[in-house]
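The block underneath contains the structure these notes are about, expressed in structure tokens.
Letters go in sequence order (proteins before strands), and every chain restarts at 1.
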2 protein chains.
Amino acid sequence: MATGRTHRPATRSRGIPEATVARLPLYLRALTGLSERSVPTVSSEELAAAAGVNSAKLRKDFSYLGSYGTRGVGYDVEYLVYQISRELGLTQDWPVVIVGIGNLGAALANYGGFASRGFRVAALIDADPAMAGKPVAGIPVQHSDDLEKIISENGVSIGVIATPAGAAQPVCDRLVAAGVTSILNFAPTVLSVPEGVDVRKVDLSIELQILAFHEQRKAGEDAAAAEAADVVAPVVRGGAAVDRKGPDGDMPAVMPA
Amino acid sequence: MATGRTHRPATRSRGIPEATVARLPLYLRALTGLSERSVPTVSSEELAAAAGVNSAKLRKDFSYLGSYGTRGVGYDVEYLVYQISRELGLTQDWPVVIVGIGNLGAALANYGGFASRGFRVAALIDADPAMAGKPVAGIPVQHSDDLEKIISENGVSIGVIATPAGAAQPVCDRLVAAGVTSILNFAPTVLSVPEGVDVRKVDLSIELQILAFHEQRKAGEDAAAAEAADVVAPVVRGGAAVDRKGPDGDMPAVMPA
DNA sequence: CCATCTTTGTGCACGCGTTCACAAAGACAT
DNA sequence: ATGTCTTTGTGAACGCGTGCACAAAGATGG
């Protein structure tokens, strides 16, 4: 994951564990799919498989929200969609600003996943005067001079930072000072924020490095194994993927997004 | 943190805890910054501040790699950069393919962070014949018919999926069958892969939903607090950020860059 | 060579998160 | 009504990750 994680240390908000909160969107997505196919109810086992998690974990997660299931039957899909949406705060409108309209910022502005769940791109902001007025994804880019005004006029509380690393902290400071209390940071920098402000980071480079670590580890093991079996058979790299195995085998390396 | 994390459950690879592996890139980035400023040594306290973590945690993390510090002095910056790079497998070249050259895929191709650390974009692949041959970020897009050939000819073991959700699983299957064993997935889907293949996911929508949850919670608390203090003072939204304080309450998450 | 001071490396305790396993609850058929 | 069968909800045990606090190690100065 994208780095996901990193933020509120261990403060369990309103009794719901942070780990559970992080999985709710996953369940919601799976449920939405079922809803579109008009499936009326679903068991914890089925839903868990669709979300790529353990069924016991799913049941415990839901138990934090309340008892929304019916024993012997399962969960009502529509009802659960509503409950989770409400719990996540998706029943209300969240205006979002994106700061830094470069390659990534523009891609984010165009990303459909934003609008799909109550998030509305209220404004695009960039420091380059040449960008001002130019429409990206149908929204005119505004100059960062007006950042404070844009935030307050639109009642924005969530900001997305897609600037170069050097500009991220200053931008973050201005966002926070203007009233933003949640930040999604794509810049490869550690942001410093006052208490009460949530920051989540997404760092492609870090994700790749983590993959590289495991990749190297696998290669090392392969080499060792190959060396041992060298006399017998040549090294086989990239064997075909046959035994498609559930995301949960023991542990799933699966992921949603 | 985007999403960061979610993947290998609890398998500690080669004795190094997964949580530690996830922080190594953070340390590496901080150290690179120090290196560029020609700082010779750094204490765990300083480096921890720069990486936004607890100093005890940092020391414990490094202890898994070996004893690379000098008591009374700290850590040698250059030496540590090398050790971490080696541990992460960044001393070798990692050819990467990006599948799905839409808005996001193109942004990723243009992203400088890729090349910066041993990752090389070996090829861009898209299913749209109209894209074939068109250069993106200086690299000609190739058609997905040639996916298997491209993977094997370039010895690619890491793939990035930036396709629409519906295409992700089929693409994933082909990548894995062709020899890819690590996947970074940007598509909003749970991928099913055979054992031995690592998948990390980055999902903007999920990150935003998690932020929305906390945002809603904060709003609720504010409302309650405001209600209580209502007679005394009006609600103040977005007070200025004065006491720059680490996100951790206890320890400062400071940052350079 | 000894004393002092700084900083690492780690033993230990604590808490969150995961998983198992089962009792309770309800649906459904007879 | 009663019994059976399915599936939830959760008590309890376990393991990983975190942070404290300190002893050991080494540098530095006299």
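For dG17(D), the OP1/OP2 oxygens have no side-chain nitrogen or oxygen of Asn54(B) closer than 4.0 Å. Using a 4.0 Å cut-off, no side-chain N or O of Ser44(A) falls inside it from OP1 or OP2 of dT7(D). Phosphate contact (OP1/OP2 of dC20(C), side-chain N/O of Arg59(A), threshold under 4.0 Å): absent.
Remark: C1' of dC14(D) and NZ of Lys57(A) are 15 Å apart, rounded to the nearest angstrom. We find that CD1 of Ile16(A) is positioned 12 Å from P of dG17(C), with the value rounded to whole Å. Rounded to whole angstrom, the span from the CZ atom of Arg23(A) across to the C1' atom of dT18(C) amounts to 8 Å. To the nearest angstrom, C1' of dT10(C) lies 13 Å from CG of Asp61(B). Straight-line distance from the CZ atom of Phe62(B) to the C1' atom of dT10(C): 16 Å, rounded to whole Å. Rounded to whole Å, the distance from CG on Leu80(A) to C1' on dT7(D) is 15 Å.
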I'd like to compare against my own output: the B/S/- annotation of nucleotides 23-30 of chain C with a strict under-4.0 Å heavy-atom distance to protein.
-BBSS---
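Checking Ser44(B) against Arg59(B) by side-chain atom types alone, a donor-acceptor pair falls below 3.5 Å. For the residue pair Glu215(A)/Thr181(B), the side-chain donor-acceptor check at 3.5 Å is satisfied.
Counting atom types as modelled, Lys60(B) pairs no side-chain N or O with a base atom of dT18(D) as donor and acceptor under 3.5 Å.
Across all strands shown, Tyr75(B) has heavy atoms under 4.0 Å from sugar-phosphate atoms exclusively, and none from any base.
Glu78(B) meets the side-chain hydrogen bond (donor to acceptor under 3.5 Å, both in side chains) test with Ser35(B); sequence neighbours excluded. For Tyr82(B), there are no ring-ring contact (aromatic ring centres under 6.0 Å, His included) partners at least two apart in sequence or on another chain.
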